[in-house]
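The structure under discussion appears below in the form of structure tokens.
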Amino acid sequence: MRKKIIPVLAVLILIVVMLLVVFVGKKVKQYLPGKEEQDLTEYFGIEQEGEIPIELNRALTEEKAMEKDGTVYLNFEYVHDVLNDRFYWDANENVLLYTTAANVIKAYADSKDFFMGKAKDSKPYKIVLIDADQAYVALDFVAEYTNLTYERFENPDRILLQSEWGTVTNVKIKRDTQLRVKGGIKSKILKELEKGDVVIKLEAMEEWTKVATKDGLIGFVRNKRLGEETEETESHSFAEESFQHLTKDTQINMAWHQVTTAEGNGNIANVLQNTKGINVISPTWFYLNDNEGNIANIGSTDYVKYCHENGIEVWGLVSNLVNKDVSTAEILTHTSKRENLTNQILAAAIQYDLDGINVDLEELDATVGEGFIQFIRELSLKCEGNGIVLSVDNYVPSGYTKFYDREEQAVFADYLVIMAYDEHYAGSDEGSVSSIGFVRDAADAMIEEEHVPAGQVILGLPFYTRVWAETPKDTDGADVEAASEDYVPYELSSEAVGMDEAERRMMANGAEKTWLADMGQYYTQYENGGVTYKIWLEDATSLEEKLKVMEEHGFAGASFWKLGLENVSVWDTVIKYIN
């Protein structure tokens with residue numbers, strides 16, 4: 001019996017030993033560093049031949065460059081959105097533009113030539129390539145106008161871009177080790193690091209530190225393999241351009257003068273006789289008149305001469321609000337048509353000896369934003385070269401008007417006018433045209449969100465208000481609509497009127513006005529013929545509250561829409577704040 005048990009026990013012991021060996025082996029293997037190497041083609045996300053991955057400021061991107069005839073090219077969208085948004089691509093005419101403080105640089109697709117103003121030059125490479133309807137710009141050309149540097153490495157082919165500068169921490173490797181994809185000994189190996197190699201410290205953790213090698217590999221090294229740290233200040237000797245502005249030494253007291261016919265210019269003396277302190281007038285003389293960029297013109301030399309004799313500058317207004325058959329988008333998104341427009345504006349300014357141009361292009365779509373900004377850039381150079389002040393009218397800052405890019409406007413234009421009115425408008429809910437909260441929020445946003453220098457901001461204020469009329473609906477008989485919770489029992493309409501007319505209607509109906517501190521203005525309400533009328537009044541008192549906002553923010557001045565709608569008493573208030 002014992003002889004039979006011994007072999008069985010031996011087998012069981014052998015099995016136990018074998019299991020123990022396997023178990024111990026697995027445990028030992030668990031703590032041994034992994035030796036699998038990372039495929040760098042996969043690491044850099046290279047999916048097809050010819051793609052050149054881009055690393056920007058020591059961070060991998062999904063973007064890929066391409067090479068053609070030994071030159072590296074970047075997708076225009078990446079150039080514009082990430083590296084330098086001053087580059088402009090006209091897909092309609094296949095031309096790349098870059099605007100400096102002195103010139104518009106122009107390069108047509110598939111050409112080595114480019115133009116700096118009217119002067120022609122060339123590069124040893126094609127500046128722009130078109131591939132599958134996508135524009136690619138030579139990286140060397142981008143680098144000429146952008147604060148960036150780049151290096152190129154092989155195996156695999158890749159580019160390291162740097163556009164941010166500051167202090168970095170260099171760390172010396174104190175023992176041979178591995179750079180791994182993730183922080184763990186089982187993670188794949190990106191590169192073998194030798195004692196004395198230097199890496200850049202990106203982020204320290206408890207046992208591992210994220211680092212970058214000089215050739216653009218970003219991974220993790222065990223902390224115990226890291227040695228001496230030194231600080232290095234990185235910099236790039238790139239000369240940022242300085243932009244000059246034709247701003248005034250005195251505050252701007254400006255008013256818009258709506259002129260609809262050439263004959264209306266002859267009334268300028270009567271228009272100005274009751275004003276005080278005006279030093280700029282902006283007549284509505286020019287407007288876009290066709291899709292080629294031509295303008296209609298009702299200017300007057302005598303008008304300008306009279307204003308100059310009375311110490312008043314004339315900034316002619318250019319708008320897109322008169323001829324509704326014109327496509328502003330068509331003009332702004334075609335370089336040749338945009339150039340025609342700027343040339344015509346400049347010619348008119350010289351013809352009438354204008355001191356300035358006031359641009360009022362409204363109701364634009366976000367898709368036209370880039371074309372609008374390029375128009376302002378190009379017009380600004382023409383104006384500056386001829387000593388003509390350029391001002392641009394703007395909606396109050398909001399998410400849906402962000403594409404007007406007021407920060408970039410301020411780089412090129414001399415003044416930005418913020419139209420702090422039409423808070424409520426024809427077709428909107430009833431309410432104030434320009435409550436004090438609306439004005440204050442607009443002023444704050446212009447400085448804090450749009451980053452426009454206060455000395456370039458002109459606060460646009462209203463000389464008008466709206467009379468809101470609530471006309472009861474006819475509800476005779478069964479009316480399903482009337483049973484709805486959202487039912488409004490009246491038709492709402494409104495009419496824009498001047499200060500005196502609003503006051504006259506209030507007095508004629510025996511109404512009284514109440515001061516609304518939160519609105520910064522008086523309010524009145526009355527009934528006439530079964531219709532309820534509501535008016536948030538604009539007068540010298542409400543205007544003073546708004547002018548205080550201008551003063552508090554240190555703005556360049558104010559402008560008023562429009563001459564003829566004001567009560568004469570407002571000018572005494574205006575000159576208290578603008579002198």
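Predicted model only: the values in this text are computed from it and were never measured. Reckoned from all heavy atoms, side chains included, excluding hydrogens, waters and symmetry mates. In what follows, residues are counted from 1 in the order of the sequence shown.
Pairs engaging residues 555-566 under the salt bridge (charged side-chain N to carboxylate O under 4.0 Å, His left out) rule: none recorded [sequence neighbours left out]. A salt bridge (charged side-chain N to carboxylate O under 4.0 Å, His left out) check over residues 374-392, counting only residues at least two apart or in different chains, returns the pairs R338-E378, R377-E408. Sorted by first then second residue, the salt bridge (charged side-chain N to carboxylate O under 4.0 Å, His left out) pairs that include residues 242-268, not counting sequence neighbours, are K248-E313. Applying the ring-ring contact (aromatic ring centres under 6.0 Å, His included) test to pairs two or more places apart or on separate chains, those with a residue in residues 368-394 are F372-Y404.
Atom CD of E309 has more than 12 neighbouring heavy atoms from other residues, nucleotides or ligands inside a 6.0 Å radius. F243 CZ: more than 12 foreign heavy atoms inside a 6.0 Å radius. Atom CD of E512 has 12 or fewer heavy atoms from other residues, nucleotides or ligands within 6.0 Å.
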- Please test E495 against R466 for salt bridge (Lys or Arg N to Asp or Glu O under 4.0 Å), starting from the C-alpha separation and ending with a verdict. CA-CA 5 Å; E495 177 188 1; R466 283 194 170 273; over 6 Å; no

- Task: For K473 and Y487, run side-chain contact (heavy atoms from CB on, under 4.5 Å): C-alpha distance rounded to whole Å, both residues' side-chain angles, the deciding distance at 0.1 Å, then the answer.
- Result: CA-CA 11 Å; K473 292 179 179 177; Y487 177 69; 3.5 Å; yes

- Query: Which is it for D360 and W256 under the side-chain hydrogen bond (donor to acceptor under 3.5 Å, both in side chains) test, yes or no, and what are the steps along the way?
  - Reply: CA-CA 11 Å; D360 185 30; W256 286 287; over 6 Å; no

- Message: Run the salt bridge (Lys or Arg N to Asp or Glu O under 4.0 Å) test on K402 and E449 for me, step by step, so that the C-alpha distance in whole Å, both residues' side-chain angles and the decisive distance to 0.1 Å come before the verdict.
- Response: CA-CA 10 Å; K402 195 73 176 176; E449 298 173 20; 5.4 Å; no

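Here the two rings, on F76 and Y136, have centers that are 6.0 Å apart or farther. Separation of the W571 and F463 ring centroids falls under the 6.0 Å cut-off. For Y415 and W315, the ring centers sit closer than 6.0 Å to each other.
Remark: K513 engages E503, M506, Y522, T524, L537, D539 in a side chain to side chain contact (heavy atoms under 4.5 Å, CB included) (not counting sequence neighbours). A search for ring pair (Phe, Tyr, Trp, His ring centres under 6.0 Å) contacts involving Y145 returns Y98, F141, not counting sequence neighbours. The side-chain hydrogen bond (donor to acceptor under 3.5 Å, both in side chains) search around N270 returns N267, not counting sequence neighbours. Remark: D365 engages T367 in a side-chain hydrogen bond (donor to acceptor under 3.5 Å, both in side chains) (not counting sequence neighbours). With sequence neighbours excluded, the residues that form a side chain to side chain contact (heavy atoms under 4.5 Å, CB included) with A540 are S569, V570, T573. Under the rule for a side-chain hydrogen bond (donor to acceptor under 3.5 Å, both in side chains), the partners of D500 that lie at least two apart in sequence or sit in another chain are N567. Annotation: ring pair (Phe, Tyr, Trp, His ring centres under 6.0 Å) contacts of H334 (sequence neighbours excluded): none.
Across Y78 and L74, no two heavy atoms sit closer than the pair CD2-CD1, 4.5 Å. The two residues V259 and P283 come nearest to each other via the heavy atoms CG2-CB, 4.2 Å. Counting all heavy atoms, side chain and backbone alike, L543 lies closest to P462 at CD1-O, 4.4 Å. Closest approach of A255 and I278 over heavy atoms only: CB-CD1, 3.9 Å. Closest approach of A420 to S434, counting heavy atoms only: O-OG, 2.7 Å. Closest heavy-atom contact between L83 and L56: CD2-CD1, 4.2 Å.
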Solution key, residues 551-561 side-chain donor-acceptor pairs under 3.5 Å, sequence neighbours excluded:
residue: H553; atom: ND1; partner: V549; partner atom: O; Å: 2.9
residue: H553; atom: NE2; partner: D444; partner atom: OD1; Å: 2.6
residue: S559; atom: OG; partner: M254; partner atom: O; Å: 3.4

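The side chain to side chain contact (heavy atoms under 4.5 Å, CB included) test with I345 is passed by exactly one of L390, N340, I357: I357.
Taking 4.0 Å as the cut-off between side-chain N and carboxylate O, E241 and R86 do not count as a salt-bridged pair. Looking at K546 and E538, a side-chain N of the basic residue comes within less than 4.0 Å of a carboxylate O on the acidic one, giving a salt bridge.
Under a 3.5 Å cut-off, the side chain of N84 and the backbone N or O of V142 do not form any donor-acceptor pair. Under a 3.5 Å cut-off, the side chain of D290 and the backbone N or O of N294 do form a donor-acceptor pair. The backbone N or O of V326 lies less than 3.5 Å from no partner atom in the side chain of N291, so there is not a single donor-acceptor pair.
Taking the side chain as every heavy atom from C-beta outward, D414 and V392 never approach each other to under 4.5 Å.
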